[in-house]
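Since the structure comes first, as structure tokens, the remarks are kept for the end.
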Amino acid sequence: MKIISYNVNGIRAASTKNFFGWLQAANADMVCLQEVKALPAQIPEIIALIEQLGYHHYWFPAEKKGYSGVAILSKIKPNHVEYGCGEAWIDQEGRILRADFDGFSLMSLYMPSGSSGDERQVKKYAFMRFFDMYIGNLRKEYPNLIVSGDYNICHTAIDIHNPKSNANSSGFLPEEREWMQLFLDNGFIDTFRHFNKDPHHYTWWSYRAGSRGKNMGWRIDYHLATRPMEHRLKHVRILPDAVHSDHCPVLLELD
């Protein structure tokens, strides 16, 4: 089984860059999308393409048009889909969507960024505190859980191209990195690092200064799986040659 997570930075923009040709070739069973920046009613031609590829599709857009939003595409129809998390401000921003299947549940997550200023960084910390409690309760009912998406956090120094100069940058702040470590310690596996301990593997690059061509990136997109899923983990790859966004997709294979 192949699961892809991809922050597309606008599904309409990605579709102009042969995203759907790529998606057809990738042939994933499930796809978690973040930053779709569209309501389904705004994109009937895109919906038609998704259905032609054999996917059931579920969308949780932000109330603000052209902003945030998550989706899950799946060739296997889920038993249940949970839209949002019940926390009003988070749901208004379209950040959490979960699909439950036989054997496991899959969540598409788009964590807030704090890079625009102090106010959004405060919101990011509020999200992190809420998410800890939310996931802790959710795992009691759904112990086999994969949380895929854009966490907007680099965990360790090998996950960012210049850790020293970015030490005070949102996404690599000590409090954020500590949160990620505690989240993992509480029973999650960073599936990419489960297989690959090497540096210079990134999932996001700034549009400035030719960062992508120089591989000056950040690894902020993850498939985090609960410990009971460990025996099913087969392989994880970052796919930097997919260039429909400032992010690239991450592919998780399960037995």
Side-chain angles (χ1 to χ4, degrees), residues 1-9 11 14 19 23 26-36 55-60 68-76 78 80-85 90 94-101 103-113 127-128 131 134-135 138-139 142-155 159 180 183-184 186-196 201-204 218-230 232-240 242 244-245 247-255:
M1 179 179 289
K2 297 198 292 185
I3 303 172
I4 283 173
S5 183
Y6 199 172
N7 180 324
V8 291
N9 193 19
I11 190 74
F19 170 72
L23 186 63
N27 195 30
D29 298 286
M30 300 168 187
V31 184
C32 291
L33 300 177
Q34 301 86 39
E35 252 191 307
V36 292
Y55 287 106
H56 305 278
H57 50 93
Y58 308 91
W59 303 77
F60 193 54
S68 187
V70 290
I72 294 175
L73 318 181
S74 179
K75 292 185 176 179
I76 302 164
H80 171 75
V81 177
E82 188 71 22
Y83 296 87
C85 61
I90 293 173
R95 296 194 175 275
I96 294 173
L97 177 65
R98 190 188 82 241
D100 302 327
F101 301 91
F104 74 100
S105 294
L106 178 65
M107 181 180 291
S108 185
L109 168 73
Y110 180 39
M111 188 177 285
S113 170
F127 183 100
M128 290 155 58
F131 199 65
Y134 176 71
I135 291 294
L138 193 65
R139 284 173 56 197
Y142 303 96
N144 299 317
L145 179 63
I146 300 170
V147 184
S148 301
D150 178 0
Y151 285 72
N152 268 311
I153 297 172
C154 291
H155 179 207
D159 296 316
M180 180 64 82
F183 194 77
L184 295 171
N186 283 334
F188 276 86
I189 300 164
D190 178 347
T191 60
F192 179 75
R193 288 294 176 215
H194 186 71
F195 294 102
N196 191 320
H201 294 284
Y202 308 125
T203 65
W204 174 83
W218 301 40
R219 188 176 74 96
I220 57 177
D221 302 87
Y222 301 78
H223 294 283
L224 300 189
T226 52
R227 290 268 164 213
M229 295 290 294
E230 183 171 3
R232 294 192 61 183
L233 303 178
K234 184 178 178 183
H235 190 55
V236 183
R237 282 188 296 145
I238 291 171
L239 306 175
H244 318 97
S245 167
H247 293 250
C248 77
V250 186
L251 169 66
L252 165 64
E253 294 187 51
L254 298 179
D255 277 332

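This structure is a prediction, so every number in the text was calculated from the model and none was measured.
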- Query: Tell me, do Y83 and Y58 make a side-chain contact under 4.5 Å, heavy atoms counted?
  - Reply: yes

- Item | Set of salt bridge (charged side-chain N to carboxylate O under 4.0 Å, His left out) partners for D29, sequence neighbours left out | none

- Item | Qualifying residues under side chain to side chain donor-acceptor pair (under 3.5 Å), relative to S74, sequence neighbours excluded | none

- Considering residues at least two apart in sequence or located in another chain, which fulfil the side-chain contact (heavy atoms from CB on, under 4.5 Å) criterion with T226? R139, L145, F188, P228, M229

- Message: Going by side chain to side chain donor-acceptor pair (under 3.5 Å), name the residues that satisfy it together with N9, two or more places apart in sequence or in a different chain.
- Response: K37, D246

- Query: Under 4.0 Å between a Lys/Arg side-chain N and an Asp/Glu carboxylate O for D150 and R95?
  - Reply: no

- Task: Output all residues satisfying side chain to side chain donor-acceptor pair (under 3.5 Å) with R193, sequence neighbours left out; order by chain, then residue number.
- Result: D159

- Note on the structure: Those residues at least two apart in sequence (or on a different chain) that pass ring-ring contact (aromatic ring centres under 6.0 Å, His included) with Y6 are F19, W22, H244

- Item | side-chain contact (heavy atoms from CB on, under 4.5 Å) against P143, all qualifying residues, sequence neighbours excluded | none

- Note on the structure: Residues passing the salt bridge (charged side-chain N to carboxylate O under 4.0 Å, His left out) test with R237, sequence neighbours excluded, are none

- Message: Restricting to ring-ring contact (aromatic ring centres under 6.0 Å, His included), what partner residues turn up for F127, sequence neighbours left out?
- Response: F131

- Check ring-ring contact (aromatic ring centres under 6.0 Å, His included) between Y134 and all other residues, then give those that pass, not counting sequence neighbours. F130

- Query: Who are the side chain to side chain donor-acceptor pair (under 3.5 Å) partners of H194, not counting sequence neighbours?
  - Reply: none

- Note on the structure: Across all chains, not counting sequence neighbours, the ring-ring contact (aromatic ring centres under 6.0 Å, His included) partners of F60 are none

